[in-house]
Every structure is written in C-alpha cells, then in structure tokens.
Amino acid sequence: ATKASTAVTTDMSKRTVPTKLEEGEMPLNTYSNKAPFKAKVRSVEKITGPKATGETCHIIIETEGKIPFWEGQSYGVIPPGTKINSKGKEVPHGTRLYSIASSRYGDDFDGQTASLCVRRAVYVDPETGKEDPAKKGLCSNFLCDATPGTEISMTGPTGKVLLLPADANAPLICVATGTGIAPFRSFWRRCFIENVPSYKFTGLFWLFMGVANSDAKLYDEELQAIAKAYPGQFRLDYALSREQNNRKGGKMYIQDKVEEYADEIFDLLDNGAHMYFCGLKGMMPGIQDMLERVAKEKGLNYEEWVEGLKHKNQWHVEVY
Ligand code: FAD
C-alpha cells in the first residue's frame with residue numbers, strides 16, 4: 001500500500017512530474033460561482049502545535065487534474081448552505097479565496113490533487129475574552145472540519161500577482177506571515193522537490209516567515225530538509241513575535257527580521273531579485289515603514305524605489 005501523503009516531505013529526491021502541465025497558457029477562472037467544480041477532500045491534517053495561536057490545517061483536495069493552475073494562484077471555495085441576503089432572498093454563501101499551497105503537480109506529484117493551508121477563523125468576544133462559536137468563520141471551519149470524501153465547490157483558479165518569474169536564475173525573496181506561506185510552499189516544491197525539465201531553478205530562495213511562536217511554524221520539517229540539502233541556495237529566517245526580541249528589545253515582528261538583512265535585500269533587488277509578500281493585510285504597514293526608513297538612510301526615495309521595482313515586475317504583494 002502507498003503511504004498517504006502528508007503536509008511535509010523530508011525526502012529531497014527530485015520527483016518526476018507529468019510535464020504536460022507545463023504546456024499552454026496560465027489557467028484563469030476555469031470555474032465560476034454559477035458553475036463551480038465539485039471536488040472531494042482527500043485529507044485534512046492539523047499542522048500547528050498545541051501552543052500555537054490558532055489552528056491551521058493542510059487540506060489535500062482530489063481535483064483529478066480538472067482544475068489546473070500555476071504556482072501562486074488561488075482557488076475559490078463556496079461554503080455549503082445558504083444565507084438570507086439584504087433583500088430578504090435566500091442565496092448561496094459567497095466565495096472565499098485560498099492560496100494554493102501545492103505546486104501544479106500536487107502533493108503526490110501526479111497533478112491529481114491540490115492543497116490548501118487554512119487557518120480556522122474564530123471569534124473572540126472582546127468583552128469576555130472567550131471564543132463565541134456562533135460567530136466562527138464559515139468557510140475556514142467547514143474546510144478544517146472536512147473529512148475524507150467531503151464534497152467541496154470550487155472556483156478559479158484566480159490571481160496573477162504572485163507568479164514565479166520566467167527567469168529561473170532570479171533570486172526569490174518571500175516574506176510570509178501565517179497562512180501567507182501557502183503560495184511559497186508551491187514555489188519551493190517547484191524549485192527544489194520537483195524535476196521540471198523546463199524550469200531548473202538556479203537562484204537563491206530566501207524565505208522570511210513570521211508567526212507567534214515555534215508551535216505556530218508551518219511546514220518547518222520540510223523547510224529544514226531543504227535548508228540542509230541546498231545550503232547555498234535556500235535561506236530561512238523566522239520572526240517569532242512571542243519568543244524572540246528585536247534589536248530594540250521589543251517583540252520580533254517580520255519587519256524586524258527583514259530589516260536585519262536590509263542591505264543584502266536592497267542589493268539583491270538592485271540585481272533583479274523578485275520580492276513577494278503574502279499574509280494578513282496588517283503585515284504591510286510595518287514592512288513599508290521599515291523599508292522607507294532604510295531607503296532614506298541609503299539616500300533613496302522610497303516611493304520611486306518601489307515604483308521602479310513594480311515597473312520591472314519585481315514586487316509582488318497579496319495580502320488579505
Ligand atoms: P467568515 O464567515 O467570512 O467570517 C469572517 C470573520 O468574521 C471571521 O473571523 C469570523 O469569526 C467573523 N465573524 C463571523 N460572524 C461574526 C459576527 N456575527 N460578528 C463579528 N464577527 C463575526 N485564508 C487562509 O486561511 N489561507 C489562505 O491561504 C488564504 N488565502 C487567501 C488569499 C486571498 C487572495 C484572499 C483574499 C484571502 C485568503 N484567505 C486565506 C482568507 C479567506 O479567504 C477567508 O477570508 C478566511 O478563511 C475567513 O473566511 P470564513 O468563511 O472562515 O469566515
């Protein structure tokens with residue numbers, strides 16, 4: 001019997017993939033809300049530890065290869081059931097977007113599945129400080145509570161902001177908080193774990209990952225295995241806000257960790273690196289303030305610097 005695939009692999013052999021999925025244009029909106037794709041859940045695995053702030057699950061979906069996508073894209077999921085809209089009419093729930101966490105070949109490298117990395121949205125009552133289950137997030141809890149065989153309605157794929165550059169030599173600087181790591185997992189699998197003859201990654205892959213504590217790390221075993229196998233090509237830096245302090249003695253947030261390497265990052269970007277940001281909206285102001293400060297110290301105009309990078313398609317932001 002074949003062992004069920006799990007959220008992490010530490011086997012660093014390059015997997016053979018059906019390269020037919022390299023052909024053609026990038027798929028976009030193959031399935032709409034009106035005619036979603038019905039898939040089945042294969043597995044749901046909780047990937048956060050007991051002391052994590054919140055619960056995140058790795059969900060493998062059986063797509064049978066019928067809803068193809070490229071790394072960096074998202075799927076829509078329509079939670080089951082209906083709601084009453086503002087006009088008093090019973091309508092289906094709205095679509096929620098989830099970054100696809102596997103490469104186009106899926107976690108079994110056969111193009112028959114796709115994976116999501118979903119954090120349960122919970123509601124904590126500000127008055128009592130207690131969770132109110134009546135107000136928990138609909139779609140994220142549906143997905144994390146799904147069992148093998150659960151049917152899910154999917155739309156997409158969507159998104160063209162977080163695509164990999166065509167130049168397989170360009171350094172990739174990926175900055176994630178929480179489930180923002182999902183698209184980067186699709187990247188690192190393509191870069192390091194798959195044998196794609198038309199995409200031989202030769203650049204530097206640098207991942208900055210911000211979470212609250214060690215138990216909230218995601219896919220860490222796999223990342224450690226890549227770091228070990230590709231010491232010259234892969235760098236991994238964590239910002240653990242509740243375990244580490246920044247240089248000023250405060251909490252170590254993602255921007256503080258990136259700032260430690262600001263000189264190197266500015267040089268890499270000067271030389272054609274691509275910088276990606278994914279995670280909660282709240283991560284960007286702190287990062288922007290830090291970059292603006294660093295740019296100023298270097299005698300650069302921040303706005304012009306960022307505009308230049310955007311113009312050259314080196315700057316990729318998808319936050320939610
Ligand atoms: P909803 O039911 O939509 O509720 C939203 C929030 O409101 C929840 O926090 C809920 O607790 C709260 N709430 C509900 N009822 C009440 C009430 N009565 N009063 C007050 N508050 C209430 N998420 C991921 O986990 N992983 C991803 O990879 C990911 N990728 C994304 C990519 C993109 C491009 C975008 C736009 C979003 C992405 N998201 C991702 C977020 C995701 O789309 C959903 O927004 C998220 O899962 C919450 O949806 P939900 O249906 O669970 O919550």
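Just so you know, ligand 1 is whichever comes first in the structure, and atom 1 is the first atom listed for that ligand. Bear in mind that the values here come from a model prediction, so they are computed numbers and not experimental data.
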Lys/Arg N to Asp/Glu carboxylate O, [X] vs [Y], below 4.0 Å:
| X | Y | value |
| --- | --- | --- |
| Glu151 | Lys40 | no |
| Lys136 | Glu131 | no |
| Asp108 | Arg42 | yes |

Heavy-atom nearest neighbour in the protein, as seen from [atom], with distance rounded to 0.1 Å:
| atom | value |
| --- | --- |
| atom 48 (C) of ligand 1 | Ala121 CB, 4.2 Å |
| atom 26 (N) of ligand 1 | Cys117 O, 2.8 Å |
| atom 32 (C) of ligand 1 | Tyr320 CD2, 3.4 Å |
| atom 22 (C) of ligand 1 | Lys135 O, 3.8 Å |
| atom 52 (O) of ligand 1 | Ser140 OG, 2.5 Å |
| atom 1 (P) of ligand 1 | Arg96 NH2, 3.6 Å |
| atom 30 (N) of ligand 1 | Ser99 N, 3.2 Å |
| atom 42 (C) of ligand 1 | Leu97 O, 3.3 Å |

inquiry  = Looking at atom 38 (C) of ligand 1, tell me if a protein heavy atom falls under 4.0 Å from it.
reply    =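 Yes, there is one.
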
key: Protein contact for atom 6 (C) of ligand 1 (heavy atom, distance under 4.0 Å)   = no

inquiry  = A cation-pi test, strictly: NZ or CZ of Arg185 under 6.0 Å from the centre of the six-membered ring of Tyr219 and no more than 45 degrees from its axis. Yes or no?
reply    = yes

inquiry  = Around atom NZ of Lys298, are there more than 12 heavy atoms from other residues, nucleotides or ligands closer than 6.0 Å?
reply    = yes

task = List the atom of Ile47, the atom of Ala7, and the distance in Å for their closest heavy-atom pair.
result =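 Nearest heavy atoms, Ile47 then Ala7: CG2-CB, 3.6 Å.
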
key: Atoms in ligand 1 with a heavy atom of Lys136 nearer than 4.0 Å   = 11 (O)

request  = Check each atom of ligand 1 against the heavy atoms of Arg119 and keep those under 4.0 Å away; list them by number with element.
outcome  =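 Contacts of ligand 1 toward Arg119, numbered from 1: 25 (O).
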
key: Plane angle bin for Phe205 and Phe201 - parallel if under 30°, tilted between 30 and 60°, otherwise perpendicular   =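 Aromatic pair Phe201/Phe205 classed perpendicular.
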
Between [X] and ligand 1, is there a nitrogen or oxygen pair with a distance under 3.5 Å?
| X | result |
| --- | --- |
| Asn141 | no |
| Glu318 | no |
| Tyr98 | yes |

ask   = Do Met154 and Ile78 pass the side-chain contact (heavy atoms from CB on, under 4.5 Å) test, and can you show the C-alpha distance, the side-chain angles, and the key distance before you say yes or no?
value = CA-CA 6 Å; Met154 298 168 66; Ile78 309 171; over 6 Å; no

message = Under the ring-ring contact (aromatic ring centres under 6.0 Å, His included) definition, can you give me all pairs with a residue in residues 162-185, not counting sequence neighbours?
response =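 Every ring-ring contact (aromatic ring centres under 6.0 Å, His included) pair that includes a residue of residues 162-185, provided the two are not neighbours, is Phe184-Phe187.
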
ask   = Roughly how far, to the nearest 0.5 Å, is OG of Ser74 from CG of Leu162?
value = 7.5 Å

request  = Just let me know how Val122 lines up against ligand 1, side chain, backbone, both or neither, with a heavy-atom cut-off below 4.0 Å.
outcome  =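 The answer is the backbone of Val122.
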
Val319 reachable from Met275 in the ILVMFWY side-chain graph, under 4.5 Å edges =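 Per the 4.5 Å side-chain linkage, Met275 and Val319 are co-clustered.
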
message = Minimum distance, heavy atoms only, to atom 20 (C) of ligand 1: which one of Tyr75, Phe142, Tyr123 is it?
response = Tyr123

